[in-house]
> 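One structure, as C-alpha cells, below. Some questions next.
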Protein chains: 2
Amino acid sequence: MPVYDVYAKNCPTRMLLDHIADKWTALVLWKISGGPVRFNQLRRDVEGISTKVLSQTLKRLGRDGLISREVFATVPVTVEYAITPLGQTLSEKIEILAEWAETNIEAVLAAQEHFDKAAGDEMGATAAGAANRRLIQAAGMR
Amino acid sequence: MPVYDVYAKNCPTRMLLDHIADKWTALVLWKISGGPVRFNQLRRDVEGISTKVLSQTLKRLGRDGLISREVFATVPVTVEYAITPLGQTLSEKIEILAEWAETNIEAVLAAQEHFDKAAGDEMGATAAGAANRRLIQAAGMR
DNA sequence: GAAAGTCGCTTTCCAATGGAAACTTGATGG
DNA sequence: CCATCAAGTTTCCATTGGAAAGCGACTTTC
C-alpha cells in the first residue's frame, strides 16, 4: 500500500488537505452537518460567502463524497445539501478546530496587540523607523 | 463576556479561522511543532511553498502568538522558528485534520472517481441517466 | 396579461492573492 | 574583491475571490 504524506508535493493527501483546510469549506461543511440545508439558506447563514464561491465549494464537497445533493420538484425548485457518513467524520474534526478558535481567540488577540505594540515601540522618528514602518505596512501587519 | 460566532462576518473568530484554516499555515505550524526549524529547512520540508508565502505565513503565525522567532548571530545568520504553548494546542488539532486526510484519502479518491465516471458516461434517456445528468451538470464536471 | 418575485445557480468584471524567479543584505572564506 | 550562504524581499504575471447582474422556469400580484 502506498505511503501517504501531506508534505509531499504530489501526494493525493496534499490535494485533499488543500480542499479541507479552507475557511469557506470548513464553515459550509460544518453548517451542513447540522442538518440538510438549501442553497440560499447556506448563503444567509455563512455570512459573507458569495454565491460563486458557495457554488464552487458545494461542487467540490460533492465530488469528494462529503455531501449529497437532492433536488425537489417544488416551485421554485428546492435543492437540499446533506452530510454523508464520510463528511460527518470530517465535520467532527472541523468542529474541533472551530472550537479551538472560539476558546483561544482572546489569547490570540492579546498576542496580536502585544506584537503590534512592540513593532510600534522599536522605531522612533528615525529613518530606519520609517523604513520599517513601511515594511510592516507592506506585510499587512496593522 | 462577548459571544463569539465564526458564522458572523465581523467576529474575531472568523478572522482567526481564516488564519488557521489554510493549507500552508497548517503544514508550516505542524512542521514547527516537531521541533525548532530554520527558514530554508522549512522551505525544503514543506514541498511547493514559495519563500514569499512562507515568509508571510511565519509572520502571521508569529503575530498570532503561535510560534516564536529566534535569531542566532552565526555566519551566515541563522533564524529558528519554534512552537509556543498556545501554538502547540493548535497543532494538535491540525494533526487531527491531517490524520483524517491520510486515513480517508482512499475513500475520497473513490468518490471522485465515481463522480467523474458518472460525468463521462454516455447516459441514455433513462430516468437514472437524466438524474445523473442533472447532478453532473450542476457540479460542472464536463 | 404584464410586472414582479422566488430559487438556484452562472457569468462578468475588477481587485486581491499566489507562485516563480531575480534581487538584497551582511559577514566571510578563497 | 569575487563568490557564497542564510534569510528574506521585490517584481511580474497568472490564478482566484468578491460584488453584482443575468438567467430559466414557474407563480403570484396588480
Side-chain angles (χ1 to χ4, degrees), chain A residues 9-10 14-15 18-19 21-28 32 36-62 67-82 127-128 131-141, chain B residues 9-10 14-15 18-19 21-28 32 36-63 67-82 133-142:
Chain A
K9 198 164 51 177
N10 294 319
R14 168 67 76 84
M15 170 277 289
D18 201 17
H19 286 191
D22 169 77
K23 180 181 56 165
W24 294 130
T25 302
L27 288 170
V28 168
I32 293 174
V37 205
R38 288 176 300 105
F39 188 90
N40 278 323
Q41 189 60 50
L42 274 171
R43 187 165 114 67
R44 280 185 290 269
D45 288 352
V46 182
E47 288 184 20
I49 198 170
S50 68
T51 59
K52 178 182 163 187
V53 169
L54 177 55
S55 168
Q56 289 172 344
T57 302
L58 291 169
K59 270 176 206 166
R60 229 177 325 111
L61 286 170
I67 62 172
S68 62
R69 180 178 183 273
E70 194 174 358
V71 182
F72 296 91
T74 54
V75 165
V77 66
T78 302
V79 178
E80 262 188 14
Y81 295 92
N132 283 335
R133 212 172 295 119
R134 256 180 279 113
L135 281 172
I136 284 161
Q137 201 162 19
M141 308 294 263
Chain B
K9 197 163 51 177
N10 295 320
R14 167 66 77 85
M15 171 278 290
D18 202 17
H19 285 190
D22 169 78
K23 179 182 55 166
W24 294 129
T25 303
L27 288 170
V28 168
I32 293 175
V37 205
R38 289 176 300 105
F39 188 91
N40 279 324
Q41 190 60 50
L42 275 171
R43 187 162 113 67
R44 279 186 292 270
D45 288 353
V46 182
E47 289 184 20
I49 198 168
S50 68
T51 58
K52 177 183 162 187
V53 168
L54 177 55
S55 167
Q56 289 171 345
T57 302
L58 290 169
K59 269 179 203 162
R60 223 175 330 108
L61 286 171
R63 189 169 100 104
I67 62 172
S68 62
R69 179 178 184 274
E70 194 174 358
V71 182
F72 296 91
T74 54
V75 165
V77 66
T78 304
V79 178
E80 260 187 18
Y81 295 92
R133 206 175 300 117
R134 257 182 279 114
L135 280 169
I136 286 148
Q137 194 165 18
M141 289 293 157
R142 284 169 185 270

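Remember, it's a predicted structure, so these values are computed and weren't measured experimentally. Labels below follow one simple rule: chain letters A, B, ... track the order of the sequence lines, proteins then strands, and each chain is numbered from 1. Note that these values count all heavy atoms, side chains included, but never hydrogens, waters or copies made by symmetry.
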> Starting from C1' on C:dG19, measure out to CG on B:L27 and report it in whole angstrom.
16 Å
> Could you work out which one of D:dA19, D:dA7, D:dC5 sits closest to the side chain of B:R38?
D:dA7
> C:dT17 P sits how many Å from B:I49 CD1, rounded?
17 Å
> For the side chain of A:K52, starting at C-beta, report the closest nucleotide among C:dT6, D:dT27, C:dT11.
C:dT11
> Measure the distance from CG on A:D18 to P on D:dT15 and round it to the nearest whole Å.
16 Å
> Tell me what A:T74 touches on the nucleic acid: a base, only sugar-phosphate, or nothing, going by heavy atoms under 4.0 Å.
nothing
> Name the closest nucleotide to the B:V79 side chain, picking from D:dA7, C:dC13, C:dC9.
D:dA7
> Rounded to whole angstrom units, what separation is found between the CD atom of A:Q56 and the P atom of C:dC9?
13 Å
> Side chain of A:F39 only, heavy atoms from C-beta on: which candidate in C:dC7, D:dA7, C:dC9 is closest?
C:dC9
> Spell out, as yes or no, whether a donor-acceptor pair under 3.5 Å connects the side chain of A:N40 to the backbone of A:R43.
no
> B:V53 side chain: which of C:dG18, C:dC7, D:dG17 is closest?
C:dG18
> Starting from C1' on C:dA20, measure out to CG on B:L54 and report it in whole angstrom.
15 Å
> Is the distance from OP1 or OP2 of C:dC9 to the nearest side-chain N or O of A:S55 less than 4.0 Å?
no
> Within this structure, what is the CZ-to-C1' distance between B:R44 and D:dG8, rounded to whole angstrom?
14 Å
> Answer with base, sugar-phosphate or nothing: what part of the nucleic acid does A:R43 contact at a heavy-atom distance below 4.0 Å?
nothing
> Using a 4.0 Å heavy-atom cut-off, does B:Y81 contact any base of the nucleic acid, only the sugar-phosphate backbone, or nothing at all?
sugar-phosphate
> Where is the tightest heavy-atom contact between B:V46 and A:R14, given as atom of each residue plus distance?
C-NH2, 4.3 Å
> Is there side-chain contact between A:V28 and A:I49, with at least one heavy-atom pair below 4.5 Å?
yes
> Which is true for A:T51 with a 4.0 Å heavy-atom rule: it touches a base, it touches only sugar-phosphate, or it touches nothing?
base
> Closest heavy-atom contact between B:G48 and A:K9?
CA-CD, 3.8 Å
> Under the 3.5 angstrom rule, does the side chain of B:T57 hit a backbone N or O of B:V53 as a donor-acceptor pair?
yes
> Just how far, in rounded Å, is C1' of D:dT16 from NE2 of A:H19?
14 Å
> Could you tell me how far apart B:W24 (CH2) and C:dA20 (P) are, to the nearest whole angstrom?
9 Å
> Can you identify which nucleotide, out of C:dC9, D:dA7, C:dG8, has its nearest atom closest to the B:T78 side chain?
D:dA7
> Under 4.0 Å from OP1 or OP2 of C:dT17: is there any side-chain N or O of B:K23 that close?
no
